[in-house]
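Whatever order the structure lists ligands and atoms in, that order sets their numbers, starting from 1. Because the structure is a prediction, the values reported are computed rather than measured. Throughout, residue positions are numbered sequentially from 1 according to the sequence presented. FYI, side chains are in, hydrogens and waters are out, and symmetry mates aren't considered; it's all heavy atoms of this structure.
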Amino acid sequence: MHDLLALAETAALKAYAPYSKFQVGCALETLSGQIYTGCNVENASYGLTICAERNAVFQGVAQEGAAVKVVRAAVVCLGHEFPPCGACRQVIAEFSLADGKTEVTFLRGGQPVTRTIAELLPEAFVIPS
Ligand code: THU
């Protein structure tokens with residue numbers, strides 16, 4: 001099994017974060033077994049910033065297309081610890097396993113904590129079909 005936390009940490013080194021100084025990385029594995037990574041990319045117009053997690057998910061969509069499914073994801077911020085922000089939870093949910101069991105790992109007190117996307121974002125917004 002790939003060490004997604006280690007890959008996320010490596011991705012964080014690529015972050016463009018001159019404003020917040022928060023270097024964030026994300027690595028995820030898809031149902032097809034592919035690995036994608038992303039880092040946060042900030043902008044002088046702050047609202048244009050993209051988080052590491054969304055960057056990684058969008059890499060997956062760009063490579064595998066609309067049917068991509070995220071099985072596991074890990075997020076690391078150099079020198080800080082936090083779970084994915086609300087916007088990133090919503091985007092992960094969009095491409096998560098149908099049962100909501102997609103696993104998201106982050107650090108707390110230096111230890112990995114894993115939650116399902118359903119736990120991180122209960123009652124997610126979906127467009128009714
Ligand atoms: N950030 C992420 O990359 N992921 C998150 O889940 C939360 C925040 C980034 C965005 C911004 O570049 C910096 O961290 C501070 O908010």
Side-chain angles (χ1 to χ4, degrees):
M1 194 183 274
H2 295 275
D3 186 345
L4 292 183
L5 279 171
L7 292 172
E9 190 169 348
T10 299
L13 296 170
K14 302 264 180 63
Y16 177 71
Y19 307 107
S20 75
K21 316 284 192 217
F22 273 42
Q23 293 177 271
V24 189
C26 177
L28 59 82
E29 183 171 359
T30 66
L31 206 50
S32 68
Q34 294 298 117
I35 302 289
Y36 301 102
T37 63
C39 60
N40 56 326
V41 181
E42 299 185 346
N43 192 274
S45 180
Y46 296 165
L48 302 183
T49 292
I50 181 90
C51 291
E53 299 92 320
R54 277 177 286 155
N55 203 348
V57 172
F58 296 159
Q59 299 284 343
V61 176
Q63 295 303 315
E64 295 190 27
V68 68
K69 294 289 176 214
V70 178
V71 176
R72 303 187 296 127
V75 58
V76 169
C77 181
L78 306 183
H80 303 276
E81 296 180 337
F82 46 75
C85 75
C88 290
R89 294 178 196 202
Q90 181 71 35
V91 168
I92 293 167
E94 184 91 17
F95 297 99
S96 63
L97 300 172
D99 61 5
K101 294 275 169 50
T102 292
E103 292 186 343
V104 179
T105 300
F106 51 94
L107 294 173
R108 185 176 284 162
Q111 297 302 313
V113 173
T114 299
R115 301 275 184 257
T116 66
I117 190 63
E119 289 171 326
L120 289 178
L121 189 68
E123 301 183 47
F125 172 73
V126 289
I127 304 279
S129 52

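The nearest protein heavy atom to atom 16 (O) of ligand 1 is not closer than 4.0 Å.
With hydrogens and angles disregarded, a donor-acceptor distance shorter than 3.5 Å links the side chain of Arg89 to the backbone of Pro84. Panel note: side chain Thr102, backbone Leu97; a donor-acceptor pair is recorded below 3.5 Å. Listed for the Asn55 side chain is a donor-acceptor partner under 3.5 Å among the backbone atoms of Cys39. When atom types are taken as modelled, the side chain of Glu81 and the backbone of Phe106 share no donor-acceptor pair closer than 3.5 angstrom. Formation of a donor-acceptor pair under 3.5 Å by the Gln59 side chain with backbone atoms of Gly38 is not found in this model.
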For a quick test of your reading: what N or O donor-acceptor pairs under 3.5 Å do the side chains of residues 16-24 make, sequence neighbours left out?
unit_1, atom_1, unit_2, atom_2, d
Ser20, OG, Phe22, N, 2.9
Ser20, OG, Glu42, OE2, 2.5
Lys21, NZ, Pro18, O, 3.0

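With a 4.0 Å heavy-atom cut-off, ligand 1 is reached by the backbone of Cys51 and by its side chain too.
Proximity to Pro84 (heavy-atom distance under 4.0 Å) selects the following atoms of ligand 1: 6 (O). Of all atoms in ligand 1, numbered sequentially from 1 with element shown, those under 4.0 Å from a heavy atom of Thr49 are 10 (C), 11 (C), 12 (O).
The closest approach between a heavy atom of Phe82 and any atom of ligand 1 is below 4.0 Å.
Checking Val75, Asn40, Asn55 against atom 9 (C) of ligand 1, the nearest heavy atom belongs to Asn40. Relative to atom 4 (N) of ligand 1, the option among Glu53, Arg89, Gln23, Arg54 with the closest non-hydrogen atom is Glu53.
Close N/O approach between Val24 and ligand 1 is not found [any backbone or side-chain N/O within under 3.5 Å].
Considering only non-hydrogen protein atoms, atom 3 (O) of ligand 1 sits nearest to Ala52 N, 3.0 Å. Annotation: atom 12 (O) of ligand 1 to nearest protein heavy atom, Glu42 OE2, 2.5 Å.
Ala93 approaches Ala124 most closely through the heavy-atom pair CB-CB, 4.4 Å.
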